[in-house]
Undergrad: 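Okay, here's the structure, questions in a sec.
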Amino acid sequence: MPDNFLKRRDIGKLIASVRDAGGRFVAPALAARQAVYKDISSAEELDDDYILPRNSYKELVFPQTEVIADFTIGKDGVGLKGRDVTGRDTVVFGARPCEAASLESLRSVFTWGFIDEFCTKREDRLVVITIACTKADGACFCTTVDLSPKSVTGSDVALSETDAGDYLVHSVSEKGKAFIAKHSDVFKAKPSADAVVKPIIMPERIKGVDLEKIKKFLSDTAHYENPVWPELTRKCIGCGACTYVCPTCHCFDITDEATAYGGKTPFEGERRKNWDACQFDNFTLHASGHNPRDTQFKRWRNRFMCKFNYYPKKFSSKGCVGCGRCIRVCPVRLDITEVMEAISKRP
Amino acid sequence: MENALRKKAKELLEKGEVKVVIGFGWNRDKTFTTPVFITKPEDAERLVWNPLCVNNLSVYLTRKFKDIQALGRPAIVAKGCDIRNILVLISEGQLKREDVFIIGVTCNGVVYRQELRKGELKPEIMPTKCHNCDVRNPHATDFVVGDKSDFKPPESPTGMVFNKIKEIDSKEATGRWDFWVNEFSRCIKCYACRQVCSLCYCERCITEKNMPQWIETSAHPRGNLSWNLTRAMHLVGRCTFCGECERACPVNIPLNVINQKMITVVKDAFDYKSGYDEKTHPPMIVFSPDDKDDFIK
């Protein structure tokens, strides 16, 4: 049973009240002919026709680039002053259930041993509103990784669309309940009696994929040098597109950049935390010149291991949520599910 | 046509003339084509050829792919536009002509992005390069598959990219600057444009030279601008307008527009178009007393 009801025409009101309180309202909107998560100010900006935005909303808790400290180089040495992050009330509206399940993985990494406040403080102030999928494409494979368009993991408020374009509202978390209570003027108490929910589209489970078998194959170190890796991934060109659109990929690099512009001196600069990708050939390049992952298939194997072996084992969270973004953006259509299938078939 | 292609590939592998055939195959659902590397004669059946074969496979001939080179002499399935890139690689000393067996395919155009195709190939889903193609009958081949095309490209180039260039050229300098700053602002620094490009073959790209860091790795407007402009400049006189960078871009930056603009500038200044003749060097790496030099005012 839904808890509440949200009229499509009231979304504008919701956006306004979130923004009036100083928050951000992020939702799928068009940019350069495709749906992306954007900070929007009116309901007209919403894209009605999206399956899944091109980018992941992980950038709301883990921005692509951010300043973590400022430095100055003086006669007496280098001065470093860290920056604090407070986060900002943010609502992401219209996220998909697959992606919502990824936040748990990000949190596991960013709180593992050291609490990375740049991530946690933002996540604390993030409200995730998912909408169950009424559309899918050939790249969607959530059901193959044991999720579904009906999943609510990681979601604070889960919506299902009605034929009239309105939404039945299910509050999932405490954060979600508080959000609904705060905006009770738009979240109506009862749905209209004639509200019919649109059919949910379930991507077909890929028959040849067996997650247990994959885990077993990957856990066996004898398979590390298996010729299957170069065979399956030879076509990988080594760009970072898959990792950058992936909702669970979390690698970053720390870099110091001079900011000799805007009136600053060449002796001032910023320490930045930027996304990095295990697919780049200098990702594990050591100062000695040695690179333990010196060819592309080893880098690809690492990404696969990370998703289906290392992280599920370490955190028992999902390394892959089946959103299919990596498949859609890959310039050579290296389909991760085809690799999953091939590995499942190995003895 | 596919049969002739498979037959040739099989024969080359059986005779040992080549060790690998780099071509196109289907994905699992036969909805997309994807690069395949055929090393056994019996696997030649996997090769396909159709308008979804958009990739420029010449990237796999570059030194970035050491494990592919280790397989031995390759044959490559290449459209005329892909062959242009192979010829640039040869002219820049990256490859010897005899190092590769070129299976040219005659082409009636490909789709701009594979997902756009719904059944048939319509002109509106073809990239600008196909509308103006003068290499539908592939040049510099060792073997040709397919019937001769009698397509004649229009006298003056047409298509979306050229229209966009006209539109941008008509703006004031500040308007042009704003246009590009806005487009580049979406860049996520995934370097798909570079990785998919067969002419971006440096093993260490300038962005990876970090002592000092010449190009900022941050995806902020300044870092994005310096990356995209640097790449554009490094392709001047070399880029063949194969369109792979724009196709690969996950955020739809119109890289074809900047690259075609550069091609037009080079054509006007040096009367040179890359990729037609492996013996002529690109203008930016040779000095000629006949250069017009009229940019020096």
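Each chain gets a letter, A, B and so on, in the order the sequences are listed, and its residues count up from 1.
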Undergrad: Can you label the angle between the A/F252 ring and the A/F62 ring as parallel, tilted or perpendicular, going by 30° and 60°?
TA: perpendicular

Undergrad: Name the member of A/I237, A/V36, A/L334 that forms the most heavy-atom pairs with chain B at distances under 4.5 Å.
TA: A/I237

Undergrad: Examine whether an atom of B/E244 lies under 4.5 Å from a heavy atom of chain A, and if so say whether it belongs to the side chain, the backbone or both; otherwise answer neither.
TA: neither

Undergrad: Would you mind checking which part of B/T217 comes under 4.5 Å of any heavy atom in chain A, side chain (CB onward), backbone (N, CA, C, O), both or neither?
TA: both

Undergrad: Going through the checks in order, is the ring-ring contact (aromatic ring centres under 6.0 Å, His included) test met by B/W227 and B/F184?
TA: CA-CA 9 Å; B/W227 159 243; B/F184 294 148; over 10 Å; no

Undergrad: Side chain, backbone, both or neither: which part of B/F32 has a heavy atom under 4.5 Å from chain A?
TA: side chain

Undergrad: Given that the side chain runs from C-beta out, which part of B/R113 has a heavy atom under 4.5 Å from chain A: side chain, backbone, both or neither?
TA: neither

Undergrad: Let's test your reading of the structure: which of A/T337, A/N282, A/V332 forms the most heavy-atom pairs below 4.5 Å with chain B?
TA: A/V332

Undergrad: Is it the backbone or the side chain of B/I68 that comes under 4.5 Å from a heavy atom of chain A, or both, or neither?
TA: side chain

Undergrad: So A/Y244 and A/F280, would you call those rings parallel, tilted or perpendicular, with 30° and 60° as cut-offs?
TA: perpendicular

Undergrad: Mind ranking A/I206, A/T243, A/N55 by heavy-atom pairs under 4.5 Å with chain B and telling me who comes out on top?
TA: A/I206

Undergrad: Which atoms of B/N27 are under 4.5 Å from chain A, going by heavy atoms: the side chain, the backbone, both sets, or neither?
TA: both

Undergrad: In terms of heavy-atom proximity below 4.5 Å to chain A, should B/R28 be classed as side chain, backbone, both, or neither?
TA: both

Undergrad: Among A/R325, A/E231, A/Q34, which has the most heavy-atom pairs under 4.5 Å with chain B?
TA: A/Q34

Undergrad: Would A/E45 and A/K38 count as a salt bridge (charged side-chain N to carboxylate O under 4.0 Å, His left out) if you check the C-alpha gap in whole Å, the side-chain angles of each, and the deciding distance to 0.1 Å?
TA: CA-CA 9 Å; A/E45 290 175 64; A/K38 257 168 80 171; 5.2 Å; no

Undergrad: Would you check if there is a donor-acceptor pair between the side chains of B/K66 and A/T295 at a distance under 3.5 Å?
TA: no

